[in-house]
Structure formats: structure tokens, C-alpha cells
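Before any comments, here is the structure.
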Amino acid sequence: MLKGIAASSGYAQAKVYKLEHPELVVTRIEANKKEELEKFEKALLKTRSDIQSIKAKAVGRLSADELAIFDAHLEFTNDPGLLDQVIATIEKESVNAEWALDKIANTFIKMFESMEDEYFRERAADIKDVAYRIKSHIMGVSIADLSLINEEVIILAEDLTPSDTAQLDKNFTKGFVTEIGGRTSHSAIMARSLEIPAVVGITGVLKTLKHGQFIIMDAIKGEVITDPTPEQQAEYKKLAENYANYRTSLEILKDEKTITTDGHQVELAGNIGNAKDVDGVLHNGGEGVGLYRTEFLYMDASELPNEEDQFEAYKTVLEKMGDRPVVVRTLDIGGDKELSYLPLPKEMNPFLGYRAIRLCLDRTDIFRTQLRALIRASAFGSLRIMFPMIATLQEFNDAKAIYQDEYDNLLAEGVAVSDNIEVGMMVEIPAAAVLADQFAKVSDFFSIGTNDLIQYSFAADRMNEQVSYLYQPLNPALLRLIKMTIDGGHKEGKWVGMCGEMAGDALAAPVLLGLGLDEFSMSATSILEARKVINSLSYADMQELAAKALECSTEEEVVQLLKENL
Ligand code: PEP
Ligand code: MG
């Protein structure tokens, strides 16, 4: 049994699918021309059919522009300039096909890379990609391609990028297991929004498990069972059935309010990464969207998304949610979230570096485009905008001033916009939590981002599983910061929500409720369970319990207190 961190609840049993991109080392070997030409021909055919099937599967998920990349890749597999030279090399030098291909492809790649025009420079990456695929077929090395999976598997990887995760097909991907990452790594968050069970942070798992090996995943406890016995398989099948039944039993709460036994009402919202996720929020009884992470819009594109594309995306989400509020967070890139087309300097401590609002206040061109798209979309629903990673009042005021400028510009242009857009901020840096009463004078609302607030309060990188014991949402130190934030907001009559993963933690909910949190925003799949918990509690009792929790000295004491009282 291997132990990791349960990152997305559920059970799964299936074969392991190792997602690795092996390095292909090519050496020059004298070989039989005819055989090598045949190998090359076959590899080309396989490559073409791979690309066609990847493209077919991506239809509906990617935009027309993005799909066009596959056409460019297909063209390379038919490009006489490239193919004739490879064939000529094999014939003239009697060498192995992969070597001939490598040699010719490299000259093309170098040529494209040295061109001024960005369009051609990008083509170099395309040739690399296609050449890698052809080579892998010649050499008989299978390369992982998530969209080609057509049987039930559990994906095993070092980590999955958010776009890898976004491409997973739920019909075949029964779960995933990774070496790195914690409960709040972005692959874990994506797994919850896709409702795919995940266990993360098992060091050495890539070496331990083999491709094709049958395993059981217990993503409630965070365990992987290797080579399970038939009894274990039956036992976990039963557990999975019970879990599915429990999920179904929560569905009666879908259209209920979230209200304590003594009549205190709160709002339960969902976190989303794209317009598709809205369905999950509505299906699970979400009363709003409490966090729309817009960075996925940027990460899934091959260049900065323009105002029009962003407008369409925001409008779709707002329209789907109707009159339910939608909190959209402005671009939060940097840290562990990278954009291939916006190279950022490598930093020693990326989580403490140039990211989120810091980047947006510097690259105001990017920021203004996003704000314009958002303000235009405000006419189609109930929009709230929030800025990530605010540390100082100056940053908030600067961001708000740019927002106001674009708002005025659009009004002057005669564009229809809403006149009640709330503009708030995330509280995810301890300095902002401590000074919440001052921020509340200028911000319309707060949303507490505990994923980062914990990482910064305990100085523990959220991606590093060796320090994951410091992810302590119930530590009284954190509870006091949360209390300061809530009290600071309420003092100025502002509402305070939470969109970090802690908001969906059923054990934390009673304390957060008692501290006076107004809105809880979480992975859609946690909403009904949270409603069940809150609707069974008395607000007065939870206020008392929260007061006691604030006086504890360790997280264990708080957990003990909660277990005794609930
Ligand atoms: C957070 O930090 O708690 C948060 C919600 O933002 P993200 O996880 O995207 O950093
Ligand atoms: Mg954050």
C-alpha cells in the first residue's frame, strides 16, 4: 500500500497508464536502406492517424484556431521538402531512419528558430513535436497521449499540468496519482472540478508502479493498493457503490437554502475554471460562482486571449448562472501557473514573486483587455470582480483605478454595462488579513484564499509534499487571521466569503460558520455535503464553538474540540 494525499474523493480500480515523455536518444547506425525506408513510411502513416484522432477528439473542446494547429502538424507529415530529404539521406548514406529524420528535422528546426517572424519561430516547435512522434514510431517507443486513451485507466504522472487535466476524458480516466503536489495544487483542484478521484504526493510512485499494472485507488484515505487480491477488489467495489449511493442521497438538498436550525442563512457557491464547470455548480445546487479562475482561459490558449474571446467566455458563464452572482477573479498567473507564450523570468521563489496582481499592474495592457471584456459582459448577469494577491492598499487602489478608467471608457463608447458591479479582493496574504478593517473601506467584499493564506502564514510551499504537514487550516493561528478578515469586513458592512479549499472542508465548516463567514465557495462536488452539515447546526452554538477554537493552541486541539462537540 502506498500513502499519499487524498486530493479528490472517490474510489477507482484500473490499469496504470504512465504519462511520461521519454527522451529519444538517436545514434547513427549503418542499416538496410529498404527496411529503413519501410519503417519511415509506416511511422508516417501512424503519425498521421494519431494526429487525426487527437484532432477529432479535441473538437468541441478547443477553438477553431487551436484545432488548426493539428492541420499544420498534418501538413508536416506530407511536406515533400522534409520527406524527400529524409528519404534521400537514407538512400545515399544507408543509415537508420530515425537518424536521417533527426538530421533533416534539426536543420529545419534551426532554420525556423532563427527567423525574425514569430509565426515561423512557432513552426519550429510544431516540427519538433511531429518529428518526435514520427521518431517514437520508428523506434517503437510508445509516447503518452492523454486524448488517445480508449480504455479505463488510472493516470500516473509526476504531476499533471492544468491543461493536461482539462483534456482528460472522464469516460476512460478513472483517477490519477501523482508524485508531487498537495491538496491545493492546481491539478488537484482541477480533479475535483472534473469529479475524478485523485491521490497526489506519493514520492517515488513512478518508479514503484509499472505501466499496465492493476491498482486500486482509495481517494478518501489517500491510498493506492498495488496488486490487490480478489477480496480487496470486491471490498473496494462495495465501498465505491456505497459512496455513489451516499452522493445520490445528498441530491434532495439541491434546491434547498443553506440555513442553520436557528435561521442564520449563508451562501454556498462553486469554484470554476471554465464555462463548462458551470453545469457542475448548478447540478450540485450552487447558489453562485464564488471563484472563476480565469487563468485557465489564458493557459488553454496559444497566445494572449483577445478582448472578444474573453468577453464571450465571461458572457457565457454569466448567462448560464442567470441572476446568481458570479465572482470573477482577474488573471492570477505566475507561481505554479505558467503561460508558454508569456515567458516570465525564472525565480528562486516563484510563489513570492512576480505574479497575479503584481504582474497585471505592470502589464496593464493585459489587465485592461481583461477588465474591458469583464465590464462588457456585466450586462449579461450579476458580476463581481476580484483582484488576486493583494498585499497593500496601494495595489488595490491602483487596480480599482484602472478598472474605473475602463468602466468610464466603455460608458463613453456607449456600451451597455451594469451599474452595480461589485469590486472586491482576495485575502490570501497575511498582511491583507491583518489590515482587513482598512481594506474594507475601499473593497466591496473579501474572499479568503486559504490555499495561499496558509502557504504564506506557515511559510510552506503548497507544491512541496515534504512540508505538507504545515497545511493546517484549523490551526488557531489561521483561524485568528480568518476572524480578523471577517470582523474587518463586517465592521464596514461588507460581506466576506472564502474560496480556498478550506471552504469545502466539512470539518472546518462549523467553525467558519461560527466565525461569521457569509459565503463558502468550493469544488462543486462538495456543495451538497456542506449544505447537509450547515443545515444541521445552530448558529449560536457554532459561535460559541468558534470562540473556543480561537483559544486553542494547536490544530490537534481544535480538531479534538470539533470532534467532541459535533
Ligand atoms: C487560494 O489561494 O486559496 C485560491 C483560491 O486561489 P488559488 O488556489 O487559485 O491560488
Ligand atoms: Mg491563491
Side-chain angles (χ1 to χ4, degrees), residues 62-66 269-279 281-282 286 288-333 339 341-342 356-357 359-388 390 395-426 442-445 447 499 521:
L62 300 183
S63 68
D65 271 4
E66 287 156 354
N271 292 350
I272 64 168
N274 57 46
K276 263 193 308 191
D277 294 345
V278 172
D279 303 335
V281 174
L282 293 173
V289 166
L291 169 65
Y292 176 2
R293 288 185 166 92
T294 56
E295 48 276 11
F296 294 113
L297 202 70
Y298 292 73
M299 289 198 263
D300 291 344
S302 50
E303 57 186 9
L304 281 170
N306 61 28
E307 183 183 319
E308 211 49 41
D309 291 346
Q310 292 193 53
F311 165 71
E312 286 301 332
Y314 305 146
K315 176 170 169 254
T316 307
V317 170
L318 284 159
E319 281 182 337
K320 276 184 160 184
M321 290 300 290
D323 50 16
R324 297 178 180 86
V326 175
V327 181
V328 184
R329 175 173 75 186
T330 58
L331 183 59
D332 181 4
I333 216 72
L339 294 182
Y341 51 84
L342 186 78
I357 199 68
L359 184 145
C360 283
L361 289 175
D362 181 40
R363 291 291 308 269
T364 49
D365 53 326
I366 298 175
F367 195 38
R368 282 181 186 272
T369 304
Q370 180 171 40
L371 288 169
R372 282 179 66 88
L374 278 170
I375 298 165
R376 282 174 56 200
S378 71
F380 300 88
S382 171
L383 175 67
R384 298 166 173 178
I385 295 176
M386 75 176 164
F387 306 128
I390 295 286
E395 283 173 338
F396 182 86
N397 289 335
D398 288 350
K400 176 87 193 263
I402 296 174
Y403 158 84
Q404 194 57 52
D405 196 37
E406 288 306 336
Y407 189 90
D408 295 343
N409 286 342
L410 285 163
L411 271 189
E413 289 165 32
V415 178
V417 298
S418 159
D419 60 3
N420 62 354
I421 306 174
E422 291 185 17
V423 181
M425 59 183 264
M426 292 203 56
V442 289
S443 178
D444 290 335
F445 65 90
S447 185
C499 60
S521 190

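Everything quoted here is computed from the prediction, not taken from an experiment.
- For the residue pair S521 and N271, a side-chain donor N or O sits within less than 3.5 Å of a side-chain acceptor on the partner.
- Within the 3.5 Å criterion, the main-chain N or O of P305 finds no donor-acceptor partner in the side chain of D309.
- Taken from NZ in K276 to OG1 in T316, the straight-line distance is 13.0 Å, to the nearest 0.5 Å.
- A distance of 7.0 Å separates CD1 of I390 from CZ of F396, quoted to the nearest 0.5 Å.
- A 4.5 Å side-chain heavy-atom check between L282 and R324 finds at least one atom pair inside the cut-off.
- The heavy-atom pair separating C499 from G290 by the smallest distance is CB-O, 4.1 Å.
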key: Criterion side chain to side chain contact (heavy atoms under 4.5 Å, CB included) on M425 and I357, from CA distance to verdict   = CA-CA 10 Å; M425 59 183 264; I357 199 68; over 6 Å; no
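- Pairing each heavy atom of Q310 with each of A373, the nearest pair is CB-CB, 3.6 Å.
- Side-chain atoms of S378 come within 3.5 Å of backbone atoms of S418 as a donor-acceptor pair (strictly under, hydrogens ignored).
- Listed here is the closest heavy atom pair of L297 and Y292: CD1-OH, 4.3 Å.
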task = Tell me, with the steps shown, if V328 and M386 meet side chain to side chain contact (heavy atoms under 4.5 Å, CB included).
result = CA-CA 6 Å; V328 184; M386 75 176 164; over 6 Å; no
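- Here the CE-CZ distance, from M299 to R293, works out to 9.5 Å after rounding to the nearest 0.5 Å.
- Using a 4.5 Å heavy-atom cutoff, the side chains of Y403 and T330 are not in contact.
- Taken from CG in L374 to OG1 in T369, the straight-line distance is 11.0 Å, to the nearest 0.5 Å.
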inquiry  = Using the rule given for side chain to side chain contact (heavy atoms under 4.5 Å, CB included), can you reason through E295 versus R329, listing the C-alpha separation, both sets of side-chain angles and the distance that settles it, and then say yes or no?
reply    = CA-CA 9 Å; E295 48 276 11; R329 175 173 75 186; 2.5 Å; yes
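- Taking CG of D405 as the start and CG of L371 as the end, the distance is 10.0 Å to the nearest 0.5 Å.
- A distance of 10.0 Å separates CD1 of I385 from NZ of K400, quoted to the nearest 0.5 Å.
- At least one donor-acceptor pair under 3.5 Å links the side chain of Q370 to the backbone N or O of L331.
- Nearest heavy-atom pair, G424 versus S443, reported as atom, atom and distance to 0.1 Å: CA-OG, 3.3 Å.
- Side-chain contact check for E413 and N409: no donor-acceptor pair (N or O, by modelled atom type) lies under 3.5 Å.
- Inter-residue side-chain proximity for I402 and L361 is flagged as met; some heavy-atom pair is nearer than 4.5 Å.
- Of all the heavy atoms in D419 and Y407, the pair that sits closest is CA-OH, 3.5 Å.
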ask   = Can you list the steps and then say if Y314 with L383 is a side chain to side chain contact (heavy atoms under 4.5 Å, CB included)?
value = CA-CA 9 Å; Y314 305 146; L383 175 67; over 6 Å; no
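- Within the 4.5 Å cutoff, no side-chain heavy atoms of L291 are placed close to those of V327.
- Looking at L342 and R363, their side chains come closer than 4.5 Å, going by heavy atoms from C-beta outward.
- Considering all non-hydrogen atoms of both residues, D444 and I421 come closest at OD2-O, 4.1 Å.
- A salt bridge links R376 with E308; the closest basic N to acidic carboxylate O contact falls under 4.0 Å.
- With K320 contributing its side chain and A275 its backbone, the two residues share a donor-acceptor pair below 3.5 Å.
- For D365, the CG atom sits in a packed shell: over 12 heavy atoms of surrounding residues, nucleotides or ligands are nearer than 6.0 Å.
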